[in-house]
Structures are given as structure tokens and as C-alpha cells.
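Notes follow once the structure below has been shown.
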Protein chains: 2
Amino acid sequence: MFTALLDHIQKFITLDSEEIDILESGLTLSKVKKKEHLLKEGQICNTIYFVTKGCARQYIINPKGTEQTLQFAIENWWITDYLSYHNNTPSHFYIQTVENCEIIALEKKDLETLLIKIPKLEKYFRIVSQKSFGAAQMRIKFLFTMSAEERYNHFKKQQPDFVQRVPQYMLASYLDFSAEFMSKIRAGKV
Amino acid sequence: MFTALLDHIQKFITLDSEEIDILESGLTLSKVKKKEHLLKEGQICNTIYFVTKGCARQYIINPKGTEQTLQFAIENWWITDYLSYHNNTPSHFYIQTVENCEIIALEKKDLETLLIKIPKLEKYFRIVSQKSFGAAQMRIKFLFTMSAEERYNHFKKQQPDFVQRVPQYMLASYLDFSAEFMSKIRAGKV
DNA sequence: TGAATTTCTTGAAGCAGTTCAAGTTTTTTA
DNA sequence: TAAAAAACTTGAACTGCTTCAAGAAATTCA
């Protein structure tokens, strides 16, 4: 049931069977339909989400009223707003499913209990978040140094399957250009 | 000697005096002159740096040959390339001091030893990196939604002192616009 | 201090990508 | 399976910011 997450955790740390039991008893898997919100702007985020099936995204609504995706989370990715989570401040983001999903939602209180019972998990979350931070820095590098077309081609090369999986306008906003321009890039009219 | 770091750590966890001793014995503080490099592109990063005095930055050299700053680190900030650090891959970044600095350099091997001796530190680094990741997401939000002038004004409002502290062309590249445009923004010619 | 270096400024020309508006295609749902 | 909704396309007009070039000002260092 939780094998996806357990496998992911055990890439970084080793759990014995007792710890696995404790962990499993603290988790719940839920099905979430496409386009449902896990978090809305203004709410305080007190849950972290692990996607075991499907795809979710973090987005904002910009001053022009257009949605802009900041991050996608597919299978084996965590998604949350850590700033809201840690500072208990209203979130600047929406988190929403892009497909029908299976998601492990881990609430702050439960996570804190788990971290006390299984201190090793601290290491897991440390490494995962350090890597995520590293990935965010690379993302900023790409945004800074590549043209729109280069960003699209680079992304397509890195994640060829994923490109088919989400509406092109969402991917366009993730890569920081307009849906219309995406259309022109894909048609080779650039 | 290490009070800045100890204070920072104890914002998130509590250390007893024995743990403090262990920690201090594993640290070294070094003075680093302005413009020295802590990491260069292509090197594998196996050290994390904590700035206790001065200012460092992470930057890249873009295809046009211009430096672009991705991140600044002032007093009480960690700076490193976590992707290179964790994956043992060549770094995409330079890390360089912007002012004369005092820096605690913590090497991977030493840090791993410390994390075993003082498991609580895992929690400290987890929280710090989760917050950093949250901050990186906010940074992407600002880059996505604000005009160049708005980004400058917003940054100036958040960090009024810091704006004076670094060359304006570095700040311009951090905010993702040209040095010339920075000059025009500051002169009100926009 | 004076020379060298670094940083900042200014205006003109250019362009990568946006915006708008309208139509077409694809997907979803009742 | 028809109607509605969501997603994609196209071209024309526009614009926020870059690029270039050259000089001025500030800072560094011998």
C-alpha cells in the first residue's frame, strides 16, 4: 500500500521492520480527483503531500488573473509550501491535482510524532529537501540563461513523457512564457 | 568563536553542553578575502559554508560571458551546491566571497561524523533546508509575477541595507535584469 | 597620491516574447 | 452522442527590457 513511499525512503536510510510498522500506521493514502485543491492561497499549510500516483502542481494566480505553475509533482515527489508550513503564515500558493491522484497526506502533528518515534526520518527529509533546494537553484539557472525555446527543448529532452501529460499552457507557464508562444514554438514558427 | 552558528542552531534545536563541545571541536573558522572562490564550476562540491561575517554569492557565467548571481549569503546563511554535494556531480556554479568574510567551512566527511555524534543536527539541517527551499519558491514567484522595477523596489523594501552593500550590477543580475537597466531604474528613467 | 581598475550612466536601436482577438480542435460531461 | 467546456492555434500590433558603445564616476592599490 505504501510501498512507493517506503521504497523512496529506503533509498536514503534503512528502516527495520518495527520502524516500518510504526511508519505505516501513521500514514493514510487517499484518492484525489483531478483538479481538486490540496491547498489554497491564504490558507496556512500544515500538511506535506507525497504523490504515489498521478500529478499535482503548485501554482499562483498572477496580477493579470492567469495561472502560473511553479512546480509539478509526479510519482515519488513531495509537494507542499514549506514556508507556510514552518512559519505558520498564509500560503502564497495553490496546490492542485492535475490528474486523478493517489496521495499520502502527512499532517504536521503526525509527522512530528513520527520524527520523534523514528529519528532516522529526519535524515531522509533533510536529504530530500536539500536535493529539492538544489533542483530549485538549477531551475533558476535555466530560467536565467536559456531562451523560451531552449527551455522548452531542454525540458522535453529531460522529461519526454511528461510533456505529453499536462496541458501545454500549464507547461508554458512553468517554463515562464505564454501559452500562445508555446504554440508557436511547437509549430516551429519562432 | 562559533557563537553565531551555535545561536542559529539553537533557534531550531536545543543542544546540551557536551554536544556543544563536540560540535565546536569539529568546526573551523576561516578568514576569506574578498573575491576568493569557495567553489568553481566543474568542481565537485563537498563542503557547506556558513557565513558568520561578510557576504558570499553563488553565480554562473552565462553564454554571453556575463556573471549572473543566483544567490547571496550574508551573516547566518549557509551556502553550497547541494546537488553537486549529494550526487557527487560537477557543480554548475561558482561560489565566491563578495566582501572579506569569516566563514565556517564544514566538509562532508566531518559533517557526516557530526550528524552521527549529534543526531539532533539532522533536524536542524532539515528545517533550514526546507525553509531555504520555500524561499527559493518565493523567489521564483517574484521572478514570474513582477516587472524588473517591481522586483527592485520589493527587494529594496525587504533588504534596505543590503542594497547598499553589493555592486549594483550584481544585484541587477540577481533580480534578472541588466546592469544598464538597473541604472535607469535607480535614476527614475523607466 | 596617482594610475589602474571597477562600477555606474546614458541614449539609440533592436528584439524576444506578450497581448489581443478570433477561430479551430480536442476533451469532457450530461 | 450532442452540447459544453477546455485547450490549442494564428497573425498583427506592441512593449519591456537588452544590447551596444562610449564616457563619467568611484574605488582600489601600488
Side-chain angles (χ1 to χ4, degrees), chain A residues 33-37 54-55 57 59-69 72 96-101 142-156 162-190, chain B residues 33-37 54-55 57 59-69 72 96-101 142-156 162-190:
Chain A
K33 284 223 181 109
K34 186 172 170 169
K35 291 197 180 172
E36 276 185 33
H37 281 97
C55 175
R57 64 168 180 148
Y59 73 94
I60 52 166
I61 297 180
N62 71 21
K64 280 158 209 144
T66 314
E67 294 176 1
Q68 284 190 274
T69 298
F72 290 107
Q96 184 198 41
T97 52
V98 179
E99 303 171 345
N100 292 332
C101 285
F142 293 138
L143 288 169
F144 275 17
T145 57
M146 292 178 175
S147 70
E149 195 179 4
E150 285 168 341
R151 294 199 295 279
Y152 174 70
N153 288 326
H154 178 261
F155 188 89
K156 199 172 145 192
F162 186 77
V163 173
Q164 325 287 352
R165 210 169 141 178
V166 294
Q168 297 303 297
Y169 73 87
M170 274 189 200
L171 188 52
S173 76
Y174 176 79
L175 296 172
D176 200 24
F177 49 77
S178 67
E180 293 90 337
F181 199 65
M182 170 65 101
S183 197
K184 283 160 195 170
I185 289 172
R186 283 164 30 107
K189 297 184 178 172
V190 182
Chain B
K33 282 222 181 110
K34 185 171 172 170
K35 292 198 179 171
E36 276 185 33
H37 281 96
C55 175
R57 64 168 180 148
Y59 73 94
I60 52 165
I61 297 181
N62 72 20
K64 280 158 209 144
T66 314
E67 293 176 1
Q68 283 190 276
T69 298
F72 290 107
Q96 183 197 44
T97 52
V98 179
E99 303 171 346
N100 291 331
C101 285
F142 293 139
L143 288 170
F144 275 18
T145 56
M146 292 178 175
S147 70
E149 194 178 4
E150 284 167 342
R151 294 199 295 279
Y152 174 71
N153 288 327
H154 178 262
F155 187 89
K156 199 172 144 192
F162 186 76
V163 173
Q164 324 288 352
R165 210 170 141 178
V166 294
Q168 297 303 296
Y169 73 86
M170 275 189 200
L171 188 52
S173 75
Y174 176 80
L175 296 173
D176 200 24
F177 48 78
S178 67
E180 293 90 337
F181 199 65
M182 170 64 102
S183 196
K184 282 159 194 168
I185 289 172
R186 288 169 19 112
K189 297 183 180 172
V190 181

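We name chains A, B, ... by the order of the sequence lines, and we start the count at 1 in each one. Hydrogens, waters and symmetry mates play no part in the numbers below; they use all other heavy atoms, side chains included.
Between A/Phe162 and A/Phe72, the ring-plane angle classifies as perpendicular under the 30° and 60° cut-offs. Under the 30°/60° scheme for interplanar angles, the aromatic rings of A/His37 and A/Tyr59 are found to be tilted.
In this structure, A/Lys189 reaches the D/dT10 phosphate: one of its side-chain N or O atoms is under 4.0 Å from OP1 or OP2. Phosphate contact (OP1/OP2 of D/dC17, side-chain N/O of B/Ser178, threshold under 4.0 Å): absent. An OP1 or OP2 oxygen of D/dT28 is reached within less than 4.0 angstrom by no side-chain nitrogen or oxygen of B/Lys35.
DNA chain C is contacted by B/Pro167, B/Gln168, B/Tyr169 of residues 165-177 of chain B, taking any non-hydrogen atom closer than 4.0 Å.
Distance, A/Tyr152 OH to C/dG17 P: 15 Å, rounded to whole Å. Here the P atom of nucleotide D/dC17 and the CG atom of B/Leu143 are 12 Å apart, to the nearest Å. One can place CD of A/Gln68 at 12 Å from C1' of C/dT18, the figure rounded to the nearest angstrom. As a whole-Å value, the separation of B/Glu99 CD from D/dT28 C1' is 15 Å. Protein atom CZ of B/Phe181 is 15 Å distant from nucleotide atom C1' of C/dA12, rounded to whole Å. When the C1' atom of D/dT28 is taken as reference, atom NZ of B/Lys34 falls 8 Å away, rounded to whole Å. Here the C1' atom of nucleotide C/dA22 and the CD atom of A/Glu180 are 12 Å apart, to the nearest Å. What separates CZ of B/Arg186 from P of C/dC8 is a distance of 7 Å, to the nearest Å.
Along DNA chain D, the nucleotide nearest to A/Met182 and the one nearest to B/Met146 differ in position, and the one closer to the 5' end is contacted by A/Met182.
Within the 4.5 Å cutoff, the side chain of A/Gln168 has heavy atoms near those of the A/Leu171 side chain. Between A/Lys33 and A/Thr97, the closest side-chain pair of non-hydrogen atoms is not below 4.5 Å.
The side chain of A/Ser183 sits closest to D/dT9 out of D/dT9, C/dT18, C/dT28.
Within 4.0 Å of B/Lys64, counting heavy atoms only, lie sugar-phosphate atoms of the nucleic acid but no base atom.
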**Message:** Please determine whether side-chain contact (heavy atoms from CB on, under 4.5 Å) holds for the pair B/Val163 and B/Tyr152, giving the CA-CA distance in whole Å, both sets of side-chain angles, and the decisive distance to 0.1 Å.
**Reply:** CA-CA 9 Å; B/Val163 173; B/Tyr152 174 71; 4.0 Å; yes
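Side-chain atoms of A/Lys184 come within donor-acceptor range of the base of D/dG11, with a qualifying N/O pair under 3.5 Å.
Aromatic ring centres of A/Phe155 and A/Tyr174: separated by under 6.0 Å.
Note: A/Asp176 CG to A/Phe181 CZ = 12.0 Å, rounded to the nearest 0.5 Å.
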